[in-house]
Amino acid sequence: VQLQACGGGLVQAGDSLRLYCAASVRTFSIYGMGWFRQAPGKEREFVAAISRSGGSTYYVDSVKGRFTISRDNAKNTVYLQLNSLKPEDTAVYYCAASSRLRPSGGYPLPATRDDYAYWGQGTLVTVSS
């Protein structure tokens with residue numbers, strides 16, 4: 001599985017961005033998908049996950065109500081809509097694919113780094129105040 005993320009950029013606080021992640025894989029719909037981010041000097045953290053069908057989503061509390069994850073299995077693409085951006089959202093955003101049937105850690109969807117076997121190269125989001 002190869003993942004290519006794009007859509008990052010430099011924006012002001014309150015602005016929006018839409019991140020894209022295209023997957024080069026024969027059967028995209030068998031993978032749960034997720035987005036993580038890594039701010040300078042910090043650990044990579046979970047942001048959002050979406051189920052194989054797209055019917056279920058899960059978010060870290062800090063982005064609930066502002067970010068929306070979605071997917072189009074016909075286009076082998078997962079999206080992350082970022083609204084009401086804050087300076088603390090500045091990070092490199094990574095998309096990832098999971099084939100796990102049972103998420104670890106008791107989460108409803110894969111939400112830990114260990115649950116994801118395939119990673120994209122990251123796209124930088126910078127939010128100025």
Side-chain angles (χ1 to χ4, degrees):
V1 180
Q2 292 186 326
L3 303 173
Q4 180 74 33
C6 60
L10 172 62
V11 297
Q12 293 186 330
D15 285 351
S16 298
L17 275 176
R18 195 181 197 199
L19 306 184
Y20 304 77
C21 176
S24 297
V25 63
R26 192 168 184 176
T27 49
F28 179 62
S29 61
I30 70 171
Y31 295 95
M33 297 298 295
W35 287 94
F36 288 71
R37 66 185 178 185
Q38 187 165 16
K42 295 188 177 181
E43 295 284 323
R44 191 174 300 187
E45 66 169 353
F46 168 78
V47 175
I50 190 166
S51 62
R52 291 167 174 77
S53 68
S56 299
T57 58
Y58 180 66
Y59 300 91
V60 68
D61 286 347
S62 59
V63 307
K64 283 181 182 177
R66 300 190 298 122
F67 292 7
T68 302
I69 187 171
S70 60
R71 67 188 293 164
D72 185 337
N73 285 345
K75 295 182 179 180
N76 283 16
T77 302
V78 62
Y79 308 92
L80 186 67
Q81 178 69 39
L82 291 69
N83 295 333
S84 303
L85 281 161
K86 304 175 181 180
E88 51 264 41
D89 295 319
T90 295
V92 177
Y93 284 71
Y94 298 88
C95 62
S98 172
S99 59
R100 288 186 67 106
L101 296 178
R102 289 187 177 183
S104 63
Y107 298 103
L109 289 174
T112 66
R113 292 178 62 178
D114 288 344
D115 282 347
Y116 290 86
Y118 307 99
W119 294 83
Q121 86 290 357
T123 185
L124 177 62
V125 174
T126 304
V127 185
S128 63
S129 58

Point to revise | Result of checking Phe67, Tyr93, Tyr20 against Tyr79 for ring pair (Phe, Tyr, Trp, His ring centres under 6.0 Å) | key: Tyr20
Check your understanding: Does any non-hydrogen side-chain atom of Val127 lie less than 4.5 Å from one of Leu82?
Key -> no
Check your understanding: disulfide bond (SG atoms under 2.5 Å apart): which pairs involve residues 41-94, sequence neighbours left out?
Key -> none
Practice item. Could you go through the side chain to side chain contact (heavy atoms under 4.5 Å, CB included) check for Leu101 and Arg52 one step at a time? Key: CA-CA 10 Å; Leu101 296 178; Arg52 291 167 174 77; 3.7 Å; yes
Study note, to complete from the structure: Note: Tyr94 and Gly120 closest approach over all heavy atoms is CD2-O, 3.5 Å
Check your understanding: Where do Gln81 and Asn83 come nearest, in terms of heavy atoms and distance?
Key -> NE2-OD1, 2.9 Å
Point to revise | Gln121 (side chain) donor-acceptor with Gln4 (main chain) under 3.5 angstrom | key: no
Review point. Taking atom CD of Glu88 as the centre, does the number of heavy atoms from other residues, nucleotides or ligands within less than 6.0 Å exceed 12?
Key: yes
Review point. Minimum heavy-atom separation for Ser104 to Tyr107, with atom names?
Key: O-CD1, 3.2 Å
Check your understanding: Would you find a donor on one side and an acceptor on the other, under 3.5 Å apart, between the side chain of Asn76 and the backbone of Val25?
Key -> yes
Revision key, fill the gap. For Ser129 and Pro87, the nearest pair of non-hydrogen atoms, with its separation, is CB-CG, 3.8 Å
Review point. Is a side-chain N or O of Arg66 found less than 3.5 angstrom from the main chain of Ser84, in a donor-acceptor match?
Key: yes
Review point. Salt bridge check: are Arg37 and Asp89 linked by an N-O gap of less than 4.0 Å?
Key: yes
Review point. Looking only at side chains, do Asp72 and Thr77 share a donor and an acceptor under 3.5 Å apart?
Key: no
Review point. At what distance, to the nearest 0.5 angstrom, does OG1 of Thr57 lie from NZ of Lys64?
Key: 9.5 Å
Study note, to complete from the structure: Between Pro110 and Phe46 the two heavy atoms that sit nearest each other are O-CE1, 3.7 Å
**Study point:** Nearest-0.5 Å distance, OH of residue Tyr116 to CZ of residue Arg44
**Key:** 12.5 Å
Check your understanding: Does Asp115 offer a backbone N or O that forms a donor-acceptor pair with the side chain of Ser98 under 3.5 Å?
Key -> yes
Practice item. Before giving the answer on disulfide bond (SG atoms under 2.5 Å apart), spell out for Cys6 and Cys21 the whole-Å C-alpha distance, their side-chain angles and the decisive distance to 0.1 Å. Key: CA-CA 6 Å; Cys6 60; Cys21 176; over 6 Å; no
Exercise for review: Carefully, step by step, assess Leu109 and Ser51 under the rule side chain to side chain contact (heavy atoms under 4.5 Å, CB included).
Suggested key: CA-CA 7 Å; Leu109 289 174; Ser51 62; 4.0 Å; yes
Point to revise | Closest heavy-atom pair and its distance - Ser70, Ile50 | key: CA-CD1, 3.5 Å
Practice item. Determine whether Leu80 and Leu10 fall in the same hydrophobic cluster, where Ile, Leu, Val, Met, Phe, Trp and Tyr are linked whenever their side-chain heavy atoms lie under 4.5 Å apart. Key: no
